[in-house]
Amino acid sequence: MDHKKNCVNELLLEIKRLRAENKNLTTLLERSETGIETSLSAISHELRNTLTLLVGSARFLEQDHPEIISNQSWHSLWTDLLHMQTFLMDLSSFRSMQNIALSKRLCDLNFLLQEICRDCQPLFDGIHKNLIILCPQTPMVLYADDRKLTHVFTNLIKNGMEALEDTGTVSLRIRDASKKERISIGQDAVAVEVKDTGIGLSMEQLNKIFEPFYSEKSGGTGLGLPIARTIIKAHSGQLTVTSNPGKGTVFTVLLPKLLPGPNSAQPPHLGKETTA
């Protein structure tokens, strides 16, 4: 019994120490006027190392004393730890986006988005929410980093699902860009609309939605959309949003098309209208 108390007390003391360290590091970051990137990197590295040790200690304690799992405070502790892990992962991704490098290859956007929707479909199974994708009959060909685009559209689909209440639909529509949209990016483009029938966004939310660390979601890091916009911008495209409170939100992604030429390669997969 004494051993259990000692383990718990040691863990609580470690948590208290980490909170004090985090507070000091946050204060240091706020006061820093130069070397922000260096400070951010050092802080992120130190927190990741410390968090890894803390998670490991918590897992060992859980294995030795499984009865602790039923304690509500223990559940809250794990929630905080997982949130911190997610935040640090997103922070690392956000920092790496500042000097983003793309690995482009020829791809058919129709086929890519159909695959993404199939992968996201389990999120909608068993609930009264739907995921739909509408593709044109002709391929939408472009040079792009398909892995990074997968990150963008998966994030937008998840955001759309979370914006729904008890029921609703998230839909993806692929179309040719309008004349106004083509002018905005200076070349021919394909547009992808990710629309939800959810609660919508206020004007204040629309003005802040792409700001780093802004989030009104429980457990949100506020980095998903800034990262998505950075990826699309690196493709010489645009990511914009429109919304009506109570009626839903539409994110529109513009991506440059691959212009046809005498030696243009035919993409291996052809898109078609389908429902995920």
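Numbering of residues begins at 1 and proceeds along the displayed sequence.
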Worksheet entry | side-chain contact (heavy atoms from CB on, under 4.5 Å) between L134 and S171, worked out | CA-CA 8 Å; L134 299 174; S171 61; over 6 Å; no
Worksheet item: Do F251 and N155 have side-chain heavy atoms sitting under 4.5 Å apart?
Response: no
Discussion item. R147: which residues meet the salt bridge (charged side-chain N to carboxylate O under 4.0 Å, His left out) condition with it, sequence neighbours left out?
Written reply: none
Worksheet item: What do the steps show when you test I69 against E62 for side-chain contact (heavy atoms from CB on, under 4.5 Å), and what is the final call?
Response: CA-CA 7 Å; I69 298 175; E62 196 174 85; 3.6 Å; yes
Discussion item. Please find the pair of heavy atoms, one from L164 and one from D196, that lie closest to each other, and give the distance.
Written reply: CD2-CB, 4.1 Å
Item to complete: Output yes when a side-chain donor or acceptor of D146 lies under 3.5 Å from a complementary backbone atom of R105, and no otherwise.
Response: no
Worksheet item: Looking at L172 and C117, what are the two nearest heavy atoms and their distance?
Response: CD2-SG, 4.1 Å
Worksheet item: Which atom pair, heavy atoms only, marks the closest approach of A234 to L102?
Response: O-CD1, 3.3 Å
Discussion item. Check for me, please, whether V194 and I116 land in the same ILVMFWY cluster - side-chain distances under 4.5 Å, paths through other members count.
Written reply: yes
Discussion item. Please list all pairs meeting side chain to side chain donor-acceptor pair (under 3.5 Å) that have one or both residues in residues 124-136, counting only residues at least two apart or in different chains.
Written reply: Q121-D125
Item to complete: May I ask you to test the L109-L112 pair for a side-chain heavy-atom distance under 4.5 Å?
Response: yes
Worksheet item: If you look at every heavy atom in C120 and T154, which pair is closest and at what distance?
Response: SG-CG2, 4.0 Å
Discussion item. Using side-chain contact (heavy atoms from CB on, under 4.5 Å), reason through K257 and D176 one step at a time and then give a plain yes or no.
Written reply: CA-CA 9 Å; K257 275 187 181 180; D176 284 313; 2.4 Å; yes
Worksheet item: Is there a donor-acceptor pair under 3.5 Å between the side chain of N207 and the backbone N or O of M203?
Response: yes
Worksheet item: Going by heavy atoms in the side chains, are L113 and R118 under 4.5 Å from each other?
Response: no
Item to complete: Verify side-chain contact (heavy atoms from CB on, under 4.5 Å) between H235 and L149, making sure each step is shown before the conclusion.
Response: CA-CA 9 Å; H235 281 83; L149 289 186; 4.0 Å; yes
Worksheet item: Nearest heavy-atom pair of L123 and M161: which atoms, and what distance?
Response: O-SD, 3.6 Å
Worksheet item: Would you find a donor on one side and an acceptor on the other, under 3.5 Å apart, between the side chain of D145 and the backbone of K148?
Response: yes
Item to complete: Taking all non-hydrogen atoms of both residues into account, name the closest pair between Q205 and G200 and its distance.
Response: OE1-O, 4.2 Å
Practice prompt. State which residues pass salt bridge (charged side-chain N to carboxylate O under 4.0 Å, His left out) with E204; sequence neighbours excluded, sorted by chain then number.
Written response: K208
Item to complete: Ignoring hydrogens and angles, tell me if any N or O in the side chain of S243 forms a donor-acceptor pair with the backbone of G248 under 3.5 Å.
Response: yes
